[in-house]
2 protein chains.
Amino acid sequence: MKKNRAATPEIIDNLRRVFQVITEYSKTAEKTSGITGPQLWALKILAKTSPLRVSELAHQMYLRPATVVGILDRLEGKGLVTRTRSKEDRRAIDLNLTEKGKDVVAKAPEVAQVMLIRGLEELTDEQFTKVSEGMDLLVRILGADAITPQPLHSA
Amino acid sequence: MKKNRAATPEIIDNLRRVFQVITEYSKTAEKTSGITGPQLWALKILAKTSPLRVSELAHQMYLRPATVVGILDRLEGKGLVTRTRSKEDRRAIDLNLTEKGKDVVAKAPEVAQVMLIRGLEELTDEQFTKVSEGMDLLVRILGADAITPQPLHSA
DNA sequence: GACGAATTATTGGGATGCAAATATTATTAG
DNA sequence: CTAATAATATTTGCATCCCAATAATTCGTC
């Protein structure tokens with residue numbers, strides 16, 4: 001019961017392309033704004049909700065706290081973020097944007113996610129359904145249903 | 001002309017899941033075979049065609065030579081790969097698998113790509129078309145048509 | 001043949017990413 | 001109240017990844 005699945009390698013290549021264009025986009029943003037994709041991603045989250053704790057930020061970025069600490073070190077070093085010991089819980093750290101940090105967010109280019117959202121908006125209902133259901137199927141194939149989403153390099 | 005696009009964040013989350021499960025898969029392979037995804041990926045390429053030069057291997061892996069050098073250092077350190085100065089061009093290096101290296105490749109688990117191929121085979125024609133066309137649309141949205149596919153962490 | 005340009009692999013420095021171990025503080029059990 | 005436990009952020013060590021600079025070799029041009 002073999003089927004004609006000539007498009008299979010193409011699907012995989014397309015997955016690669018999507019992945020690459022997103023990381024590529026992250027690098028472009030890095031050159032124009034001076035900060036990396038993950039750094040900008042962290043700033044954007046803090047711009048929406050702050051103060052935030054390290055663990056909360058890590059959760060929203062789908063990253064481990066240990067990873068976020070390094071990103072925060074560099075953001076703090078650039079004077080874009082402040083770390084303050086929380087008064088309620090002295091184990092925790094309150095993260096806040098500096099004025100400079102808010103500036104960077106305001107001037108930063110859109111992240112790839114916005115590109116995706118806009119592109120998806122332009123699709124017809126039928127096309128949108130194909131993308132949506134197609135991704136669902138891919139996720140199911142990989143048994144990724146229960147997986148926590150990953151960063152996508154600041155998409 | 002607003003459309004109901006509630007599934008948009010879900011699509012993006014699904015993209016994240018797909019990438020994560022692939023990197024996750026790479027880590028599983030690391031635990032069972034003792035080597036990492038990119039390392040196994042390099043071995044598999046060398047198993048198919050060798051000798052190979054560093055630049056050629058890098059090209060086939062869609063990685064920079066500088067990156068591949070590090071991977072080769074570790075593979076050589078484990079005694080899975082040999083580096084020999086080429087006689088025709090003394091700038092170049094001939095890469096070969098050792099017997100131990102061939103052994104590892106033979107016993108290594110399938111990479112994520114195989115998982116995808118098998119999963120795609122199980123779909124009905126209608127489902128397959130959705131995945132295929134859905135990915136096409138995503139690629140077009142991102143303007144990724146002209147992009148050379150990237151590695152996907154040894155997928 | 002000689003000198004500049006291109007090619008090849010490597011090194012060095014920076015940024016993600018993870019897991020495991022650590023120090024500090026909070027909470028819970030007894 | 002005290003001791004064990006859990007939560008929080010960090011540090012350390014490792015493996016990818018990139019770019020830029022370097023050293024060695026080859027090629028091309030004069």
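In what follows, every chain begins at residue 1, and chains take the letters A, B, ... in the order their sequences are listed.
Here the CD1-CG distance, from Ile93(B) to Leu72(B), works out to 9.5 Å after rounding to the nearest 0.5 Å. Rounded to the nearest 0.5 angstrom, Leu46(A) CG and Glu56(A) CD are separated by 10.5 Å.
Taking every heavy atom of both residues into account, Trp41(B) and Gln60(B) meet most closely at NE1-O, 4.4 Å.
For the pair Arg53(A) and Gln39(B), nearest-nucleotide mapping onto DNA chain D gives the more 5' position to Arg53(A). Taking the nucleotide of DNA chain C with the nearest heavy atom to each of Arg85(A) and Ala66(A), the more 5' of the two is matched to Ala66(A).
Thr67(B) comes within 4.0 angstrom of a nucleotide base, judged by non-hydrogen atoms across all strands. Counting any heavy atom pair closer than 4.0 Å across all strands shown, Ala92(A) reaches sugar-phosphate atoms only and no base atom.
Arg90(B) has its CZ atom 16 Å from the C1' atom of dT7(C), to the nearest Å. Following rounding to the nearest Å, Leu57(A) (CG) and dT8(D) (P) show an atom-to-atom distance of 14 Å. Here the P atom of nucleotide dT26(D) and the CG atom of Asp89(B) are 6 Å apart, to the nearest Å. One atom, CZ of Arg91(A), and another, P of dT5(D), lie 17 Å apart when rounded to the nearest Å. To the nearest angstrom, C1' of dT11(D) lies 14 Å from CZ of Arg74(A). Rounded to whole Å, atom P of dT8(D) lies 15 Å from atom CZ of Arg64(A). Distance CD1 (Ile93(B)) to C1' (dT10(C)): 10 Å, rounded to an integer number of Å. Regarding Glu76(B), its CD atom lies at a distance of 13 Å from the C1' atom of dT10(C), rounded to whole Å.
Contact annotation: Ser55(B) does not reach the phosphate of dT7(C) (side-chain N/O to OP1 or OP2, under 4.0 Å).
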Contacts under 3.5 angstrom, residues 75-84 of chain B side chains, donor-acceptor by atom type, not counting sequence neighbours:
from	atom 1	to	atom 2	distance (Å)
Glu76(B)	OE1	Arg83(B)	NE	3.1
Glu76(B)	OE1	Arg83(B)	NH2	3.2
Lys78(B)	NZ	Gln39(B)	OE1	2.9
Thr82(B)	OG1	Asn96(B)	O	3.4
Arg83(B)	NH2	Asp73(B)	OD1	2.2

